[in-house]
Amino acid sequence: MPDAEIKITWKGRLLALLIGLLVLVIASEGVIRIVYPTWDEFFAGRFMTIEHVPEYGDVAVGRKGFDGYFSQNNGDFRARIRINAFGLRNDEPVTAADGKVWVIGDSMAFGWGVEATETYTAVISDALGAPAYNIASPGTNVCGYQALAGRIPADNKPRAVIVGLILENDLMQYDCTRYANKPARQQNPDLFSLGTLKITLTEHSALYNFFTVAMKRVDIIREALIALGVVNKSHAYRNQLDGLDVERITKSTAAELQRLKAMFDPATPFAVMIAPARFEIANDDPKFKIIRQSMVSALQHHGIAYIDPIDAFRAAGFKDTHFVHDGHWSANGHRIAGTAIADWLRSNAPLN
């Protein structure tokens with residue numbers, strides 16, 4: 001009796017193809033993890049977490065004891081991140097903050113992309129010959145700045161306080177009291193969004209990171225991805241305050257900064273360093289110039305000292321103060337900001 005003829009249907013071929021692809025992906029993932037051991041350096045969640053601070057609400061802080069590297073997949077930077085036992089980017093414990101200049105802020109003050117020795121906190125320390133302490137955390141705002149200050153043990157007092165205010169994303173209609181009364185955050189991400197998928201793959205897949213790095217560093221491929229909307233154009237113009245009442249927003253921001261100032265002894269020197277917008281540095285954008293001037297007026301109304309390094313940044317130029325693709329300051333940007341702050345401190349918070 002002849003052998004029965006085996007019929008392979010299109011469904012069988014498709015299943016075999018899918019199984020083969022799955023095996024190939026799994027094998028490739030394993031190989032890349034071996035030959036490309038730094039694949040996991042692109043995920044900021046490795047060194048950041050969320051903490052609930054009683055009376056102030058949720059705030060992002062560092063993962064206690066983290067010591068590793070953080071890289072930008074387009075090649076802008078690779079920086080070592082060390083987080084102390086209190087969740088801050090300092091080698092010294094939080095008790096060492098007592099008597100130092102406190103630098104409060106978000107990712108810029110944290111030193112996104114630069115070494116700890118290049119942050120403007122370090123520049124202040126070197127310029128004054130007296131240490132400053134970094135109390136900054138990526139992804140936060142003025143309400144978060146209050147939480148960052150509020151979680152510091154009460155027996156630690158600053159010699160002076162500098163707040164890094166980012167014009168591009170820190171200005172909004174605030175209600176920090178209402179925010180503080182919200183329960184601890186329940187994270188419910190949109191599991192089907194492109195952003196969530198990219199974050200998940202960045203965290204868990206060496207294969208994804210390998211190809212992302214490869215594609216973003218080839219100009220023609222990167223431009224194609226930008227055209228398709230998969231990748232954002234570097235330094236694309238963005239003004240989240242367009243259409244809003246700028247005066248109202250800046251007044252609200254200044255009022256919450258006044259609440260932050262009130263958390264400290266009235267004799268403690270306190271100043272807001274206004275980080276100029278990329279677009280005003282690059283091309284004297286009139287909208288952000290108006291926003292900066294309105295913020296200055298709002299701070300003056302509350303009697304809050306400010307440091308405005310716009311002239312120094314414009315003199316140095318956009319390219320010499322920012323990363324090529326990432327919107328944060330390069331080491332030179334930190335040097336300019338830190339120098340301006342140190343000059344203010346010499347006059348307003350002398351060592352003797």
Side-chain angles (χ1 to χ4, degrees), residues 28-50 60-84 87-91 105-123 134 136-140 166 168-169 194-226 230-236 278 318-335:
S28 299
E29 179 74 25
V31 170
I32 290 177
R33 285 177 182 244
I34 294 172
V35 302
Y36 186 39
T38 60
W39 69 269
D40 61 348
E41 292 182 0
F42 308 105
F43 180 57
R46 293 174 63 231
F47 61 87
M48 296 302 303
T49 187
I50 299 294
V61 297
R63 292 189 181 275
K64 299 173 182 180
F66 178 87
D67 188 349
Y69 285 86
F70 176 50
S71 300
Q72 182 67 286
N73 56 22
N74 54 30
D76 272 356
F77 58 75
R78 181 174 187 258
R80 185 176 182 180
I81 305 291
R82 286 200 297 260
I83 305 295
N84 66 15
L88 298 173
R89 194 183 184 188
N90 298 278
D91 290 336
D106 67 354
S107 55
M108 200 76 87
F110 178 86
W112 189 271
V114 300
E115 298 294 334
T117 54
E118 297 173 324
T119 63
Y120 66 81
T121 299
V123 174
N134 193 322
S137 186
T140 189
I166 311 301
E168 291 186 45
N169 53 31
L194 179 60
T196 299
L197 177 61
K198 289 168 67 175
I199 291 173
T200 301
L201 290 173
T202 301
E203 180 181 6
H204 298 291
S205 175
L207 184 63
Y208 171 81
N209 284 309
F210 176 79
F211 281 107
T212 299
V213 168
M215 290 188 295
K216 282 195 172 183
R217 298 188 188 184
V218 177
D219 290 343
I220 190 171
I221 297 178
R222 185 177 64 252
E223 291 304 317
L225 292 173
I226 291 173
V230 177
V231 175
N232 293 327
K233 184 177 181 180
S234 300
H235 304 298
R278 290 171 289 170
F318 177 76
K319 291 183 178 180
D320 287 340
T321 54
H322 290 74
F323 291 114
V324 174
H325 306 96
D326 189 277
H328 292 84
W329 291 338
S330 62
N332 192 41
H334 280 268
R335 182 189 62 78

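Computed from heavy atoms alone, side chains included, the values below leave out hydrogens, waters and symmetry copies. FYI, the numbering just counts along the sequence from 1. Computed from a predicted structure; not experimentally measured.
The nearest pair of heavy atoms linking Thr321 to Asn332 is CG2-ND2, 4.2 Å. Residues Arg63 and Met48 share a closest heavy-atom pair of NE-O, 3.1 Å. Between Ala109 and Ala136, the closest heavy-atom pair is CB-CB, 3.6 Å. Heavy atoms only, all atoms of each residue included: His322 and Gly327 are closest at CD2-O, 3.5 Å. Scanning both residues, Phe66 and Ile81, for their nearest heavy atoms gives CD2-O, 3.4 Å. The two atoms that bring Arg33 and Ala206 nearest to each other are CG-CB, 3.5 Å, heavy atoms only.
When side chains are defined from C-beta on, Thr49 counts as touching Val61, because their heavy atoms get closer than 4.5 Å. Contact check for Phe70 versus Arg46: no side-chain heavy atoms found under the 4.5 Å cut-off. Residues Tyr36 and Leu207 fail the side-chain proximity criterion, which asks for heavy atoms closer than 4.5 Å. Annotation: side chain of Asn73 is not in contact with side chain of Thr202 (no heavy-atom distance under 4.5 Å). At a threshold of 4.5 Å between non-hydrogen side-chain atoms, the residues Phe77 and Asp326 count as touching. Using a 4.5 Å cut-off on side-chain heavy atoms (C-beta onward), Ile83 and Arg89 make contact.
Aromatic ring pairs are classed by plane angle as parallel below 30°, tilted from 30° to 60° and perpendicular above 60°; the pair His328 and Trp112 is parallel. Using a 30° and 60° split on the angle between ring planes, Trp329 and His334 fall in the perpendicular class, above 60°.
Here CG of Asp91 is found 8.5 Å from CG of Asp67. Values are rounded to the nearest 0.5 Å. Separation of atoms CG (Asn134) and OG1 (Thr119) is listed at 5.5 Å; rounding is to 0.5 Å.
Between Trp39 and Tyr208, the distance from one ring center to the other does not fall under 6.0 angstrom.
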